[in-house]
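What follows is a set of notes on a single structure, which appears directly below.
A, B, ... follow the sequence lines: proteins, then strands. Residue 1 opens every chain. As the structure is a computational prediction, the values presented were derived from the model and not from experiment.
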Amino acid sequence: MDHARLADLLFPNVTRTPEDIEALYPPRQLPEGAKVTRFAPSPTGFVHFGGLFPTTIGERLAHQSGGVFYLRIEDTDAKREVEGAAEGLIRTLEHYGIHFDEGAVIGEDGKICDRGIYGPYRQSQRGPIYHVYAKQLVALGKAYPVFTTKEELEAMNAVDKKAEIKAKDWHEDQTAQREAMLRAREITIEEVEKNLAEGNPFVLRILADGDPEKKVPFTDLIKGKLEIPENDEDFVLLKSDGIPTYHFAHAVDDHLMGTTHVIRGEEWLPSLAKHIMLFRYLGFRMPKYMHIAQIMRLDENGNKKKLSKRDMGANMDDYSRMGYAPACVCEYIMTLLNSNYEEWHMQNPDKPYTDFPFNIKKMSNSGCLFDFDKLNDVSKNVISRMSAEEVTALVTAWAKEYDPAFGEQLAKDPAFTTAIFAIGRGGKKPRKDLATWADAKPYMGFFFDPAQTDAYPEQFSSEDIKAALVGFLGGYDPADEMNAWFDKIKAVAREIGYADDMKAYKADPSAFRGSIADVSMFLRVAVTGKLNAPDLYTVMQILGKDETVRRVQSMIDRL
RNA sequence: GGCCCGUUGGUCAAGCGGUUAAGACACCGCCCUUUCACGGCGGUAACAGCAGUUCGAUUCUGCUACGGGUCACCA
């Protein structure tokens with residue numbers, strides 16, 4: 001077989017050499033130790049939690065080391081591509097504070113364009129580059145074409161390959177595949193010419209020289225020392241439309257773009273042998289790899305499953321809908337990423353997570369379960385540290401989108417809303433009422449509208465309650481300091497036979513009709529409509545005299 | 001089914017041959033408290049199993065079990 005001739009036959013239009021291409025991609029001028037990482041999504045949908053995870057690692061590693069973090073769009077499968085997905089991906093990532101130094105970006109016209117000199121950053125636009133390397137491999141005798149007729153191709157596209165194999169016996173299928181592969185290798189130059197003349201499409205397959213009995217040592221930055229069986233599968237390099245497969249594009253792009261660290265899910269581990277082979281054939285130096293464990297979820301049977309796109313809690317846009325602040329989600333991700341993050345954060349409560357010295361060694365090598373309880377806890381802490389102004393702005397923005405009527409109320413008087421969120425905020429022990437913005441309404445919605453009123457517990461008579469409320473109204477003076485205000489409530493309690501001192505009440509409950517706690521509750525329900533609410537004195541202060549009196553009077557009227 | 005990866009409490013996890021096996025979340029109890037939220041104190045709860053190496057294994061090795069992943073002209 002004349003490989004050079006075959007190469008010319010297969011790629012008549014490719015005139016450049018790999019050297020020509022290399023010249024276009026000069027080595028990056030970066031400080032010692034700087035890492036170059038990338039996020040390389042296929043534009044087939046939204047960003048999901050399992051994707052944000054490795055992305056955050058890449059971003060941290062690059063920016064922490066003074067390196068480059070870039071975005072490359074792996075749009076090599078036109079069939080699966082979703083219109084507008086790439087733009088959505090970029091916007092979502094931006095929302096979570098992930099910024100790219102280079103790569104595909106959204107231009108001023110809202111369309112995707114390239115920024116940086118290592119592009120193009122969309123694989124669909126890199127066809128000619130891949131073909132140069134493909135031609136080289138053919139010329140070297142390391143790749144060969146496999147032709148199919150158009151009819152065969154259509155038939156292949158029609159069946160679900162994976163389902164088909166699943167139905168078959170694995171062993172039988174693999175033996176058949178192996179035989180077909182060996183046969184395909186024997187193609188002659190005459191057959192190639194004939195097929196080409198007939199216009200039959202071909203895929204380019206690698207000629208694998210590996211022996212799976214032999215293991216090659218490989219060090220993964222997370223998994224540690226691994227033993228990878230050599231690849232003996234003639235996997236596809238170029239599909240029949242001339243577009244590369246992931247494997248081929250990965251080798252060419254990450255080499256040319258100067259990626260130093262590839263961060264990807266551990267589902268890629270089984271194809272690592274292919275990549276090792278490809279880098280060797282191409283004469284490229286391999287980047288370092290980090291294969292990270294998948295985020296898991298629990299299925300109906302209580303078994304762990306990879307968190308995939310369709311799952312609850314997978315779509316990052318769902319978090320926005322649920323009212324999780326990006327800062328909270330990022331914080332949660334950091335706790336999962338590095339086990340010592342929480343400790344660091346407790347010691348540095350005011351520093352942004354980007355100050356945390358992220359360490360690869362501290363990463364877990366087994367898959368963790370997504371835990372909403374933990375997310376909520378982290379989230380409450382993050383929000384409790386925000387200023388009232390910040391909370392007001394974020395809750396209002398969220399509500400305007402997901403609960404417009406409530407959003408209107410919040411926006412009507414920002415000073416009023418801010419005063420509400422200032423309750424118990426600041427200081428050493430801030431309130432932690434909010435895990436999501438959606439928690440705001442049940443927490444403080446009564447300020448705007450005590451629509452639903454909790455019922456008074458049955459053991460209290462309407463007469464007692466009414467007497468307490470009337471008594472309160474009689475002495476109510478909004479100018480009172482908190483102590484004076486509470487003393488008056490105590491006085492009311494005494495008048496109606498309720499204990500004004502909890503110790504006395506607890507010592508002998510039977511001596512009283514109830515306690516000051518109950519009287520406070522009568523008032524709380526009247527004013528807030530709720531059995532539980534933030535500090536009542538402050539609530540009344542914010543509500544103002546007129547509204548407070550109106551609400552208490554309204555309750556009296558209803559009793 | 002072959003290959004690969006993994007396995008410390010309900011969850012996330014420290015631990016790198018000798019520890020009373022951290023801590024966080026969740027849960028329970030007590031305290032603080034006019035409710036709630038916060039905070040404080042305490043509690044329940046774990047090295048998948050079996051061999052081997054060793055004076056000594058959670059830690060090293062092997063096997064088994066279980067879980068996960070992968071085996072496309074998808075990434």
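Contact of A:Arg431 with B:C36 (side chain to base): a donor-acceptor pair of N or O atoms is detected under 3.5 Å. With hydrogens and angles ignored, no donor-acceptor pair under 3.5 angstrom links the side chain of A:Ser364 to the base of B:C12.
Atom CZ in A:Arg264 sits roughly 11 Å away from atom C1' in B:A75 (whole-Å rounding). Whole-Å rounding puts the A:Gln174 CD to B:G1 C1' distance at 8 Å. Following rounding to the nearest Å, A:Leu536 (CG) and B:U33 (P) show an atom-to-atom distance of 18 Å. Between the P atom of B:G23 and the NZ atom of A:Lys362 lies a distance of 16 Å, rounded to the nearest Å. For A:Glu227 and B:U61, the CD to C1' distance is 14 Å, given to the nearest whole Å. Here the C1' atom of nucleotide B:U11 and the CZ atom of A:Arg297 are 16 Å apart, to the nearest Å. Going from atom NZ of A:Lys274 over to atom C1' of B:C73 covers 13 Å, rounded to whole Å. At whole-Å resolution of the value, CZ in A:Arg178 and C1' in B:C71 are 13 Å apart.
When distances run from any side-chain atom of A:Asp433 to the nucleotides B:U11, B:C74, B:A37, the shortest one goes to B:A37. Taking every side-chain heavy atom of A:Trp268 into account, B:A75 is the closest of B:A75, B:C36, B:U34. Among the nucleotides B:U33, B:A75, B:G6, the one closest to the side chain of A:Lys506 is B:U33. Comparing B:G69, B:A75, B:G6 by their closest approach to the side chain of A:Lys223 singles out B:G6. Closest to the side chain of A:Lys374, out of B:A75, B:C25, B:G6, is B:C25. Here B:G39 is the nucleotide among B:A14, B:U34, B:G39 with the atom lying nearest to any side-chain atom of A:Lys429. Nearest to the side-chain atoms of A:Glu342 among the listed nucleotides B:C12, B:A24, B:G6 stands B:A24. Relative to the side chain of A:Thr148, the nucleotides B:U34, B:C73, B:C5 differ in distance, and B:C73 lies closest.
The C1' atoms of B:U59 and B:G52 are separated by 15 Å, rounded to the nearest whole Å. To the nearest whole angstrom, the two C1' atoms, one in B:U58 and one in B:C4, are 24 Å apart. With both ends at atom C1', the span from B:G1 to B:C60 equals 32 Å, rounded to whole Å. To the nearest whole angstrom, the two P atoms, one in B:U7 and one in B:A48, are 9 Å apart. Comparing B:A24 with B:U44, their P atoms sit 15 Å apart, to the nearest whole Å. The separation of B:C73 from B:A65, taken at their C1' atoms, amounts to 39 Å, rounded to a whole angstrom. Going from the P atom of B:A57 to that of B:C50 covers 13 Å, rounded to whole Å. If you take atom P in B:A37 and the same atom in B:C28, they sit 12 Å apart, rounded to whole Å.
A:Arg494 has a carboxylate O that lies under 4.0 Å from a charged side-chain N of A:Asp500, or vice versa, which qualifies the two as a salt bridge.
Contacts of A:Lys503 with the nucleic acid, taken as non-hydrogen atoms under 4.0 Å apart, are absent. Among the protein residues, A:Thr44 comes within range of no part of the nucleic acid, since none of its heavy atoms lies under 4.0 Å from any strand. Contacts of A:Met482 with the nucleic acid, taken as non-hydrogen atoms under 4.0 Å apart, include base atoms. If you check every strand for non-hydrogen atoms under 4.0 Å, A:Lys361 touches nothing. Nucleic acid contact class of A:Phe486 (heavy atoms, under 4.0 Å, all strands): base. A:Ser515 comes within 4.0 angstrom of no nucleic acid atom, judged by non-hydrogen atoms across all strands. No contact: A:Asn376 has no heavy atom under 4.0 Å from any strand. Using a 4.0 Å heavy-atom cutoff across all strands shown, A:Glu233 reaches no nucleic acid atom at all. If you check every strand for non-hydrogen atoms under 4.0 Å, A:Leu531 touches a base. Residue-level contact check: A:Val203 touches the bases, meaning some heavy atom is under 4.0 Å from a base atom.
Between A:Leu336 and A:Glu266, the one whose closest nucleotide on RNA chain B sits nearer the 5' end is A:Glu266. In this structure, A:Pro534 and A:Cys368 both approach RNA chain B, and ranking their closest nucleotides by distance from the 5' end singles out A:Cys368.
Side-chain atoms of A:Asp220 and A:Tyr289 form no donor-acceptor pair, as typed in the model, at a separation below 3.5 Å. One side chain, A:Glu331 or A:His345, offers a donor N or O that lies under 3.5 Å from an acceptor on the other. Between A:Asp464 and A:Tyr498, the side chains place a donor N or O and an acceptor N or O closer than 3.5 Å (distance only, hydrogens not considered). Between the side chains of A:Thr259 and A:Tyr70, at least one donor-acceptor pair of N or O atoms lies under 3.5 Å. A donor-acceptor contact closer than 3.5 angstrom is absent between the side chains of A:Tyr332 and A:Asp371. Side-chain polar atoms of A:Glu198 and A:Asn200 form a donor-acceptor pair below 3.5 angstrom.
When both distances must be under 3.5 Å, the Watson-Crick or G-U wobble mate of B:A45 does not exist. The partner of B:C12 is B:G23, by the rule that a Watson-Crick or G-U pair needs both atom distances under 3.5 Å. Pairing for B:U35 is absent, with no Watson-Crick or G-U wobble pair whose two atom distances lie under 3.5 Å. Across all strands shown, B:C73 forms no Watson-Crick or G-U wobble pair with both distances under 3.5 Å. If you check B:C60 for Watson-Crick or wobble pairing at under 3.5 angstrom, you find it paired to B:G52. In this structure, B:G67 and B:C5 make a Watson-Crick or G-U wobble pair, each of the two defining distances being under 3.5 angstrom.
Between the CD1 atom of A:Ile295 and the NE2 atom of A:His48 there is a distance of 10.0 Å, given to the nearest 0.5 Å. Distance check: A:Ile263 CD1 to A:Phe53 CZ gives 12.0 Å after rounding to the nearest 0.5 Å.
A 6.0 Å sphere centred on NZ of A:Lys288 holds no more than 12 heavy atoms belonging to other residues, nucleotides or ligands.
OP1 and OP2 of B:C12 both lie 4.0 Å or more from every side-chain N or O belonging to A:Thr335. Close to B:C73, at under 4.0 Å from its OP1 or OP2, lies a side-chain N or O of A:Arg205. In terms of phosphate contacts, A:Lys239 brings no side-chain nitrogen or oxygen within less than 4.0 Å of OP1 or OP2 of B:A72. Remark: A:Lys432 is in phosphate contact with B:G39, judged by side-chain N or O atoms under 4.0 Å from OP1 or OP2. Applying the 4.0 Å criterion to OP1 and OP2 of B:A72, one finds that A:Gln177 has a side-chain N or O inside that range.
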